[in-house]
Amino acid sequence: MTVDKVLDAKGLACPMPIVKTKKSINELESGQVLEIHTTDKGAKNDLTAWAKSGGHELLKQEEENDVLKFWIKKG
């Protein structure tokens, strides 16, 4: 998987990870991939729902040492 941009949203509380994700994805071209790192547990549901509602594709998510990682492909 090619990652076009990485967003570090660790330590930010809701809704900031979503706000920053939205801003970052707007800077990408359709089909590019954004990797997001966050420590906000609520982001799991928020980012999944946000990606779906925005027509983006959540490619993968994983958790590593209390950091949630998401890969979203811009629709």
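Values reported hereafter were calculated over all heavy atoms of this structure, with side chains retained and with hydrogens, waters and symmetry mates removed.
Proximity of N26 to K22: side-chain heavy atoms (C-beta onward) are separated by under 4.5 Å at one or more points. With contacts defined as side-chain heavy-atom distances shorter than 4.5 Å, the pair V67/E62 does not qualify. For the pair Q32/V3, no side-chain contact is recorded, criterion being any heavy-atom separation below 4.5 Å from C-beta on. Contact annotation: the side chain of H37 never approaches that of L68 to less than 4.5 Å [non-hydrogen atoms, C-beta and beyond]. Residues P17 and I36 form no side-chain contact, since every pair of their non-hydrogen atoms from C-beta on lies 4.5 Å or further apart. Between L34 and D4 the shortest side-chain heavy-atom distance does not fall below 4.5 Å. In this structure, the side chains of F70 and L59 stay at 4.5 Å or more apart for every pair of heavy atoms. At a threshold of 4.5 Å between non-hydrogen side-chain atoms, the residues E35 and L7 do not count as touching.
In terms of heavy-atom proximity, W50 sits nearest to I18 at CB-CD1, 4.0 Å. Residues T21 and L47 come closest through the heavy atom pair OG1-CD2, 3.7 Å. Heavy-atom minimum distance, D40 versus A13: OD2-C, 4.2 Å.
To the nearest 0.5 angstrom, T38 atom OG1 is 12.5 Å from K44 atom NZ. Rounded to the nearest 0.5 Å, atoms NZ (K73) and CG (L28) are 12.5 Å apart.
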Stepwise, does the salt bridge (charged side-chain N to carboxylate O under 4.0 Å, His left out) test hold for K74 with E27?
CA-CA 10 Å; K74 182 170 181 172; E27 295 169 1; over 6 Å; no
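With hydrogens and angles ignored, the 3.5 Å screen pairs a side-chain donor or acceptor of T39 with a backbone N or O of G11. Panel note: side chain H56, backbone G75; a donor-acceptor pair is recorded below 3.5 Å.
Annotation: E63, atom CD; neighbour count of heavy atoms from other residues, nucleotides and ligands within 6.0 Å is above 12.
K69 has a carboxylate O that lies under 4.0 Å from a charged side-chain N of E64, or vice versa, which qualifies the two as a salt bridge.
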